[in-house]
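Just below is one structure, and these are the notes that go with it.
A note on names: the letters A, B, ... follow the listed sequences, proteins ahead of strands, and every chain is numbered from 1.
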Amino acid sequence: MSRGTVVARFAPSPTGHLHVGGARTALFNWALAQKLGGHFLLRIEDTDQARNSQDAVRGILEDLAWLGIHWQEGPQLGAVGGDPRGVGPFFQSERLARYDAALARLIERDLAYPAFDTTEELDALRKIASAEKRAFRYVRAASWDRAAALARMASEPHVVRLRAPDETIVVHDHVLGDVAFGPEQIDDFVLRKRDGFPTYHLAVVIDDEAMGVTHVLRGPEHLNNTPKHIALQRALGYRTPIYAHVPSIQNPDGSKMSKRDKDKAARALAQLAFAADPSLRVRAESAVAAKRLTAWLGDAKSQLETGELDALERALALDLPSVTVEDFRHAGYLPETLDNYLALLGWNPGEKLADGRDRERFSLSDLAEKFSLERIGRGSAKFDRAKLLAFSQEQLAALSDADWLARWRTWCARYAPEASAALADPQRALVFAASMKTRCATLAVASAPNGPGRFALVADDGFAYDEKAVAKWLAKGEPAGRTILENVRGTLVETTPFEPAAIEAAVAKFCEASGLGMGKVAQPLRVALTGTAASPPLGETLAVLGREAVLARIDRCLRETRPT
RNA sequence: GUCCCUAUCGUCUAGUGGCCUAGGACAUGGCCCUUUCAAGGCCAGAACACGGGUUCGACUCCCGUUGGGGACGCCA
């Protein structure tokens with residue numbers, strides 16, 4: 001690597017799908033690297049053996065790739081990733097020897113040392129500290145015997161701790177400015193766990209150095225860790241990268257937005273469901289083992305595994321809040337829409353459009369061009385679903401019909417293959433796209449049970465007639481809607497081509513000839529074709545269905561809604 | 001409890017001492033358009049947390065209060 005090359009990184013721990021806060025951090029790091037002409041590196045922090053999961057790794061990689069956040073260095077996923085500078089591997093669990101080597105150097109110089117306290121002993125100390133209303137701080141006893149401790153290392157379980165420096169450490173944060181931490185705020189923290197794995201602090205410092213990371217952009221929960229990392233860097237003789245801590249993303253109620261929210265909501269909804277209908281419990285147990293389920297319901301602090309939660313969500317048809325990238329993908333957002341919205345949470349380009357509005361819409365490449373640390377805000381931001389939805393609505397509507405259709409089919413392939421299959425005819429599908437574009441805030445809406453496109457995706461006898469609509473538009477009036485339907489049917493038999501404009505014109509002509517207002521004809525048709533009085537413009541509604549289905553549905557309607 | 005960060009409309013934000021009787025967007029309400037549902041257009045209401053300083057002059061700088069968030073793990 002040439003000197004001065006910028007390397008920014010995203011370093012998630014594999015504990016489930018990427019959540020939106022992590023996605024934003026990744027996005028910012030990616031944008032910073034692109035802006036500075038550097039590399040964006042992805043590293044997997046899998047040093048917690050208890051929570052490690054291969055599925056989660058794959059999920060995170062796919063989430064990032066879907067968002068268009070491609071890493072030049074990191075685990076391989078298709079064409080993304082690789083190790084051009086030879087700084088890998090990118091899984092910390094495969095780098096243990098490096099951590100141990102660094103630790104050996106530290107111990108040799110008495111900058112780090114083994115400690116043999118049990119969890120119980122430490123808990124007791126913490127309890128005392130808390131009773132005395134002071135912060136707990138681990139420091140090595142003055143009477144500590146180095147030779148004895150080193151001798152015990154070989155045979156006894158132990159952790160390795162850093163000897164914290166007795167000095168104030170100033171973090172030069174590029175978002176927050178200088179933040180000073182006194183010596184009382186850094187204790188002899190653990191570097192290597194009892195199981196031989198490094199702690200986050202050790203692994204992150206060593207890897208950032210080894211991988212030449214120059215910029216560290218991360219969540220605010222790490223600000224307090226930064227002086228520890230700087231202390232470690234000094235002990236090891238490393239440089240200190242540029243730090244910037246971005247504000248958190250919160251729920252509308254002000255709490256921190258996290259994966260836990262989904263778990264909490266699921267527990268509340270499941271309890272409600274079981275109370276209302278105890279038999280649902282059996283369904284739930286098909287998704288989550290009975291024992292696990294009971295334990296989870298009884299302990300508000302426990303969490304289900306990602307797979308279990310997904311299974312439970314499906315089994316009980318729970319409506320859980322979207323917090324992960326996968327949730328939003330499932331909900332039918334475009335990746336560029338999520339990117340755009342996320343980028344605006346805590347950052348903005350500070351540009352005005354010609355008409356005086358703030359510039360709020362930009363692509364990934366715009367972001368790469370405009371991103372800067374200076375324009376990251378300092379206050380936390382609440383995640384506003386309504387605004388995201390508005391972005392989605394607008395960006396979907398701006399697509400060409402063909403693009404919309406392609407995006408929709410792609411979405412369907414993953415989440416609703418039957419919907420796409422129901423509209424195989426390319427011409428009719430294009431009409432569908434044209435009329436759904438302005439009616440669906442996300443791609444998932446089009447095929448949703450009560451969605452505006454549902455009528456075009458079900459069989460001719462696959463929908464019910466809304467009673468009120470039938471009463472208002474078919475039974476009443478002079479002439480009655482039924483009669484009008486019978487009459488307009490003839491016009492439709494002959495209309496060619498069976499396309500929106502021609503249909504629209506033919507129906508208009510029919511109205512004129514019959515001396516009827518457009519509404520008098522259009523509404524009965526809508527009820528007959530869709531079961532309800534609301535649908536896209538008449539020409540589009542009929543063209544999407546095709547002549548055959550239109551005639552079949554009119555006949556079915558006449559038959560089934562006959563007055564008794 | 002201790003430490004750290006933070007504070008402009010309901011929400012995201014513009015604002016870097018005079019351009020601010022504070023601008024934009026989303027949401028909300030109203031009107032227009034209209035064969036339904038949308039989309040679109042126009043209009044309206046809506047904020048500098050509070051108290052002290054500094055200054056000729058504070059949304060902007062300083063201090064404090066209050067509110068919010070985070071950390072205090074052999075999690076990351």
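Following rounding to the nearest Å, Leu353(A) (CG) and U13(B) (C1') show an atom-to-atom distance of 15 Å. In this structure, CD1 of Ile503(A) is placed 15 Å from C1' of U35(B), rounded to the nearest angstrom. Glu351(A) has its CD atom 17 Å from the C1' atom of C12(B), to the nearest Å. Spacing between atom CG of Asp358(A) and atom P of A22(B) amounts to 16 Å, rounded to whole angstrom units. In this structure, His245(A) atom NE2 and U6(B) atom P are separated by 13 Å, rounded to whole Å. With rounding to whole Å, Ile44(A) atom CD1 is found 13 Å from A76(B) atom C1'. If you measure from atom CD of Glu156(A) to atom P of C74(B), you get 19 Å, rounded to the nearest angstrom. Note: CZ (Arg378(A)) to C1' (A14(B)) measures 16 Å, nearest angstrom.
Judged by distance alone with a 3.5 Å cut-off, no donor-acceptor contact links the side chain of Asp355(A) to the base of G24(B). Side-chain to base pairing of Arg526(A) with U36(B): one donor and one acceptor N or O lie within less than 3.5 Å of each other. Evaluation of atom-type donor-acceptor distances gives no pair under 3.5 Å for the side chain of Lys387(A) against the base of A27(B).
Of the residues near RNA chain B, Arg161(A) and Phe383(A), the one whose nearest nucleotide (by heavy atom distance) lies more toward the 5' end is Phe383(A). Two residues, Glu132(A) and Leu344(A), neighbour RNA chain B, and the one matched to the more 5' nucleotide by heavy-atom proximity is Glu132(A).
The gap from the C1' atom of A47(B) to that of C26(B) amounts to 15 Å, rounded to the nearest Å. With both ends at atom C1', the span from U13(B) to C48(B) equals 13 Å, rounded to whole Å. A distance of about 15 Å separates the P atoms of A22(B) and G10(B), rounded to the whole Å. One P atom belongs to C12(B), the other to G70(B), and the distance between them is 15 Å to the nearest Å. Nucleotides C43(B) and A38(B), compared at atom P, are 23 Å apart to the nearest Å. When the C1' atom is used for both C19(B) and C62(B), the distance is 25 Å, rounded to whole Å. With both ends at atom P, the span from G23(B) to G67(B) equals 31 Å, rounded to whole Å. G69(B) and C59(B): their P atoms are spaced 28 Å apart (whole Å).
Heavy atoms of Gly346(A) sit under 4.0 angstrom from primed sugar atoms or phosphate atoms, though from no base atom. Backbone-only contact: Leu345(A) has heavy atoms under 4.0 Å from sugar-phosphate atoms and none from a base. Among the heavy atoms of the strands lying under 4.0 Å from Glu45(A) are primed sugar atoms or P, OP1, OP2 only; no base atom is included. Residue Ser130(A) is out of contact with every strand shown, counting any heavy-atom pair closer than 4.0 Å. Note on Val179(A): only backbone sugar-phosphate atoms sit closer than 4.0 angstrom, heavy atoms only; bases stay farther off. The residue Arg357(A) sits close only to the backbone: its heavy atoms come under 4.0 Å of sugar-phosphate atoms, none of a base. Within 4.0 Å (heavy atoms only), Lys352(A) reaches at least one base atom of the nucleic acid. Residue contacts shown for Pro537(A) include a base, since a base heavy atom lies under 4.0 Å away. Among the protein residues, Asp117(A) comes within range of the nucleic acid bases, having at least one heavy atom under 4.0 Å from a base atom. Residue-level contact check: Thr47(A) touches the backbone only, with heavy atoms under 4.0 Å from sugar-phosphate atoms and none from bases. Residue contacts shown for Glu540(A) are absent, as no nucleic acid heavy atom lies under 4.0 Å away. Contacts of Pro536(A) with the nucleic acid, taken as non-hydrogen atoms under 4.0 Å apart, include base atoms. Within 4.0 Å (heavy atoms only), Arg375(A) reaches sugar-phosphate atoms of the nucleic acid but no base atom.
Salt bridge annotation for Arg407(A)-Glu336(A): present, with a cationic side-chain nitrogen under 4.0 angstrom from a carboxylate oxygen. Ion pairing of Arg163(A) with Asp188(A) is absent here, as no side-chain N (NZ or NE/NH1/NH2) approaches a carboxylate O to less than 4.0 Å. A salt bridge links Asp100(A) and Arg192(A); the closest N-O separation between the charged side-chain nitrogens and carboxylate oxygens is under 4.0 Å. By the 4.0 Å N-to-carboxylate-O rule, Asp208(A) lies close enough to Arg43(A) to be salt-bridged with it.
Nucleotide G51(B): paired with C63(B) (Watson-Crick or G-U wobble, both distances less than 3.5 Å). With a cut-off of 3.5 Å on both Watson-Crick or G-U wobble distances, the partner of C33(B) is given as none. With both pairing distances under 3.5 Å, G1(B) is matched to C72(B) as a Watson-Crick or G-U wobble pair. Across all strands shown, A38(B) has no partner, as no Watson-Crick or G-U wobble contact with both distances under 3.5 Å is found. G18(B) is paired with C56(B) under the Watson-Crick or G-U wobble criterion, all donor-acceptor distances under 3.5 Å.
Here the closest heavy-atom approach between residue Ala543(A) and residue Ile503(A) is recorded as N-CD1, 3.8 Å.
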Summarise protein proximity over nucleotides 68-73 of chain B in one line of letters, 5' to 3': B for base, S for sugar-phosphate only, - for none, counting protein heavy atoms closer than 4.0 Å. SSBS-S

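An OP1 or OP2 oxygen of A14(B) is reached within less than 4.0 angstrom by a side-chain nitrogen or oxygen of Asn348(A).
Between His229(A) and Phe189(A), the gap from one ring centroid to the other reaches at least 6.0 Å. Ring centroids of Tyr243(A) and His172(A) are separated by 6.0 Å or more, keeping the two rings apart. Two rings, from Phe383(A) and Tyr341(A), have their centers less than 6.0 Å apart. Note: Phe371(A) and Phe28(A) meet the aromatic proximity criterion, with ring centroids under 6.0 Å apart. Here the two rings, on His245(A) and His222(A), have centers that are 6.0 Å apart or farther.
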So which protein nitrogen or oxygen atoms get under 3.5 Å of nucleotides 38-40 of chain B's nitrogens or oxygens?
unit_1, atom_1, unit_2, atom_2, d
A38(B), O2', Thr438(A), O, 2.5

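Remark: side-chain polar atoms of Glu121(A) are paired, donor with acceptor, to backbone N or O of Thr118(A) under 3.5 angstrom. Using a distance-only test at 3.5 Å, with no hydrogens or angles considered, no donor-acceptor pair links the side chain of Glu45(A) to the main chain of Pro12(A).
A side-chain donor-acceptor contact under 3.5 Å links Thr541(A) and Ser535(A).
Aromatic ring orientation, Tyr113(A) versus Tyr138(A): parallel (interplanar angle below 30°, classes split at 30° and 60°).
The side chain of Ala534(A) approaches C37(B) more closely than any other nucleotide in the set C26(B), C37(B), A76(B). Comparing atom distances between the Gln523(A) side chain and each of U36(B), C3(B), C26(B) picks out U36(B) as nearest.
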